[in-house]
Amino acid sequence: MLQTFAVIDFETTGLSPAHGARPTEVAAVLVRNGQIYDQYHSLMNAGVYVPPMIEALTGISNAMVRSAPNVNVVMGEVAEFVGRYPLVAHNAAFDCKFWDAEFQRLKLKRQQEFICSLLLARRVYPGAYSHKLNVLAKYLGLPAAERYHRALADAQVTAHLLLDIKENLKRRFALSQVTSDLLLTLQKTPAKKMAGHIEKYSAAINSSA
DNA sequence: TGCCAGGCCCTCTTTAGGGCCTT
């Protein structure tokens, strides 16, 4: 059975919702059968100030945010768009914090786990000199983004990274498919023990294919 | 005005420290 993954990326006003940071933009990219087949993207207005450093980093200005749809509308739309598909993000701990904080404001509860492409990339590509998203994209020869630090571009690059990770694992360990359950396990598995865990999973995965 | 976090992971570690990664 083909599995769908929802790759998401937030641009925000800072690093922590616990200190008042809010999202300014979100993108979600649906990945299935080795390719991107749908995507959602929107700026959003949470009524917060965009610091100059963030505007310089992302190109998202206070004027852009002021004229964007309300944060509650956008979060409702992106939640509906991703449904119950497993969520994927680069450094998922960051996006998970903002996802959960905005869901809490809407009195919604997250339905699925977050898969972290950063944790996976550190295990699958230990030779990369950095595991930043843009560095990995260049290192792996992934389709280049027009610019980084915009939600849709970063989500698209992360989607290609996820596909590359899955293909790498399939090739190296002769897997017929790479499930979200396997990725959730691997991202918590020490790199040295990864092969052992995959062998344990591969028999069940291949027999059910 | 525009401050600020925190989990992972390595090592000169485990009674800790510091770099990486996200905005």
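Residue numbers begin at 1 in each chain, while the letters A, B, ... track the order of the sequences. These numbers come from the heavy atoms of this one structure, side chains and all, not from hydrogens, waters or symmetry mates.
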Inset, instruction - State whether His131(A) places a side-chain N or O below 4.0 Å from either non-bridging phosphate oxygen (OP1 or OP2) of dC21(B). - result: yes
Legend entry - Below 4.0 Å: OP1/OP2 of dT23(B) and any side-chain N or O of His149(A):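 Yes, because at least one side-chain N or O of His149(A) sits under 4.0 Å from OP1 or OP2 of dT23(B).
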Legend entry - Under-4.0 Å salt bridge between Glu25(A) and Arg150(A):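 Counted as a salt bridge, because a side-chain N and a carboxylate O are separated by less than 4.0 Å.
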Inset, instruction - Would you mind classifying the nucleic acid contact of Thr58(A) as base, sugar-phosphate or nothing, using non-hydrogen atoms under 4.0 angstrom? - result: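 Thr58(A): backbone/sugar contact only, no base atoms under 4.0 Å.
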Inset, instruction - Could you check whether Asn134(A) gets within reach of a base, just the sugar-phosphate, or nothing at all, counting any heavy atom under 4.0 Å? - result: nothing
In whole Å, what is the span from the [atom1] atom of [X] to the [atom2] atom of [N]?
X	N	atom1	atom2	answer
Arg150(A)	dT22(B)	CZ	P	17 Å
Asn62(A)	dG2(B)	CG	C1'	11 Å
Ile54(A)	dT22(B)	CD1	C1'	10 Å
Phe98(A)	dG6(B)	CZ	P	11 Å
Leu161(A)	dT22(B)	CG	P	11 Å
Asp95(A)	dT22(B)	CG	P	10 Å
Tyr49(A)	dT1(B)	OH	P	7 Å
Phe94(A)	dA5(B)	CZ	P	13 Å

Inset, instruction - Evaluate the side-chain hydrogen bond (donor to acceptor under 3.5 Å, both in side chains) criterion for residues Glu77(A) and Ser42(A): first the C-alpha distance (whole Å), next the side-chain angles of each, then the deciding distance (0.1 Å), finally the verdict. - result: CA-CA 9 Å; Glu77(A) 288 178 356; Ser42(A) 183; 5.4 Å; no
Inset, instruction - With the side chain of Thr12(A) defined as its heavy atoms from C-beta on, choose the nearest nucleotide among dT23(B), dT22(B), dA5(B). - result: dT23(B)
Inset, instruction - Indicate the atoms forming the closest heavy-atom contact of Glu102(A) with Pro23(A), along with that distance. - result: OE2-CD, 3.1 Å
Legend entry - Which atom of Val7(A) lies closest to which atom of Ala155(A), heavy atoms considered: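 Of all heavy-atom pairs spanning Val7(A) and Ala155(A), the closest is CG1-O, 3.5 Å.
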Legend entry - Arg32(A) to Tyr37(A) six-membered ring, cation-pi geometry met (6.0 Å, 45°): yes
Inset, instruction - Hey, could you give me each pair passing salt bridge (charged side-chain N to carboxylate O under 4.0 Å, His left out) that has a residue in residues 166-177 of chain A? Not counting sequence neighbours. - result: Glu167(A)-Lys170(A)
Legend entry - Check against side-chain hydrogen bond (donor to acceptor under 3.5 Å, both in side chains), Gln39(A) and Gln156(A): CA-CA 9 Å; Gln39(A) 57 193 28; Gln156(A) 288 170 338; 3.0 Å; yes
Gap in Å between the two [atom1] atoms, one belonging to [N] and one to [M], rounded:
N	M	atom1	answer
dG2(B)	dG7(B)	C1'	25 Å
dA5(B)	dT23(B)	C1'	11 Å
dG19(B)	dC12(B)	C1'	15 Å
dC4(B)	dC10(B)	P	29 Å
dC3(B)	dC8(B)	C1'	26 Å
dC9(B)	dT14(B)	C1'	14 Å

Legend entry - Intermediate values then yes/no, side-chain hydrogen bond (donor to acceptor under 3.5 Å, both in side chains), Thr58(A) and His149(A): CA-CA 5 Å; Thr58(A) 65; His149(A) 294 300; over 6 Å; no
Under 3.5 Å, which N/O atoms of the protein pair with N/O atoms of nucleotides 7-10 of chain B?
residue, atom, partner, partner atom, Å
dC9(B), OP1, Arg123(A), NH1, 2.4
dC9(B), OP1, Arg123(A), NH2, 2.6
dC9(B), OP2, Arg123(A), NH2, 3.4

